[in-house]
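See below for the structure under consideration.
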Amino acid sequence: QVQLVESGGGLVQAGESLRLSCAASGRSVTDYTMGWFRRSPGKEREFVAALSWNGRDTYYADSVKGRFAISRDNTQNAVYLEMNSLQSEDTAVYYCAAQSSSAYYSGRNYYRIQSLYNYWGQGTQVTVSS
């Protein structure tokens, strides 16, 4: 199994950038589709971005498309979420999650389905002030 630890959250002004990191241990991130999710105050946890286990596909929620970018560093065994042009609506706890590679073949929106993610980090808080 894999353990995930997020870092990089903080308080920023609207329009600024942050880079979240998700450090993995126990298994290689290349064994998993890696996703970022977030939970805003008073809302359910929602999908933000994902990177397929084979590194071929990236997926984004419409609300972050063009502003956020997910990437992976195999040598560091980590996944990142680069967040630009942050808005107050991006304020949330951000979670990193890992999904077994077999789920890649389970259907069209496999990367959005939270129940298909096997491992989760503890989350990191991002607060954007306007």
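These numbers come from a predicted model, not from an experiment.
At least one donor-acceptor pair closer than 3.5 Å links the side chain of D73 to the backbone N or O of Q76. In terms of modelled atom types and a separation under 3.5 Å, the side chain of Q114 and the main chain of F37 share no donor-acceptor contact. Of the possible polar contacts, one joining the N118 side chain to the S100 backbone as a donor-acceptor pair under 3.5 Å is found. Using a distance-only test at 3.5 Å, with no hydrogens or angles considered, no donor-acceptor pair links the side chain of Q87 to the main chain of A14. Of the possible donor and acceptor atoms, one in the side chain of T91 sits under 3.5 Å from a partner among the backbone N and O of V128. Of the possible donor and acceptor atoms, one in the side chain of Y60 sits under 3.5 Å from a partner among the backbone N and O of I70. Judged by distance alone, the side chain of E6 and the main-chain N or O of T124 form no donor-acceptor pair under 3.5 Å. The backbone N or O of W53 lies less than 3.5 Å from no partner atom in the side chain of D31, so there is not a single donor-acceptor pair.
Minimum heavy-atom separation, G9 to V126: CA-CG2, 4.1 Å. Closest non-hydrogen pair, Y80 versus A78, comes out as OH-CB, 3.6 Å. Nearest heavy-atom pair across C22 and M34 is SG-CE, 4.3 Å. Taking all atoms of both residues into account, the shortest heavy-atom contact from S52 to Y110 is CB-OH, 3.5 Å. Scanning all heavy atoms of the two residues, the minimum distance from S71 to L51 falls at C-CD2, 4.1 Å. The minimum heavy-atom distance between L4 and V2, with the atom names listed, is CD2-CG2, 4.0 Å.
Linking Ile, Leu, Val, Met, Phe, Trp and Tyr residues whenever their side-chain heavy atoms come within less than 4.5 Å leaves Y104 and Y119 in two separate clusters. Both V12 and Y94 are members of a single hydrophobic cluster when ILVMFWY side chains are connected at heavy-atom separations under 4.5 Å. In the hydrophobic cluster analysis, where Ile, Leu, Val, Met, Phe, Trp and Tyr join through side-chain heavy atoms closer than 4.5 angstrom, W36 is grouped apart from Y95.
Put simply, CZ on R38 and CD on E89 are 8.5 Å apart, with the number rounded to the nearest 0.5 Å. The CZ atom of F68 sits 9.0 Å away from atom CG of L18, with the distance rounded to the nearest 0.5 Å. S129 OG to E16 CD: the interatomic distance, rounded to the nearest 0.5 Å, is 7.5 Å. To the nearest 0.5 Å, atoms CZ (R67) and CE (M83) are separated by 9.5 Å. To the nearest 0.5 angstrom, Q99 atom CD is 9.5 Å from W120 atom CH2. Between Q1 atom CD and R27 atom CZ the span is 9.5 Å, to the nearest 0.5 Å.
The neighbour count for Q122 CD, taken as heavy atoms of other residues, nucleotides or ligands under 6.0 Å away, is above 12.
Side chain to side chain, T30 and S28 meet the donor-acceptor criterion of an N or O pair below 3.5 Å.
Residues that satisfy the ring-ring contact (aromatic ring centres under 6.0 Å, His included) test with Y111, not counting sequence neighbours, are F47, Y59.
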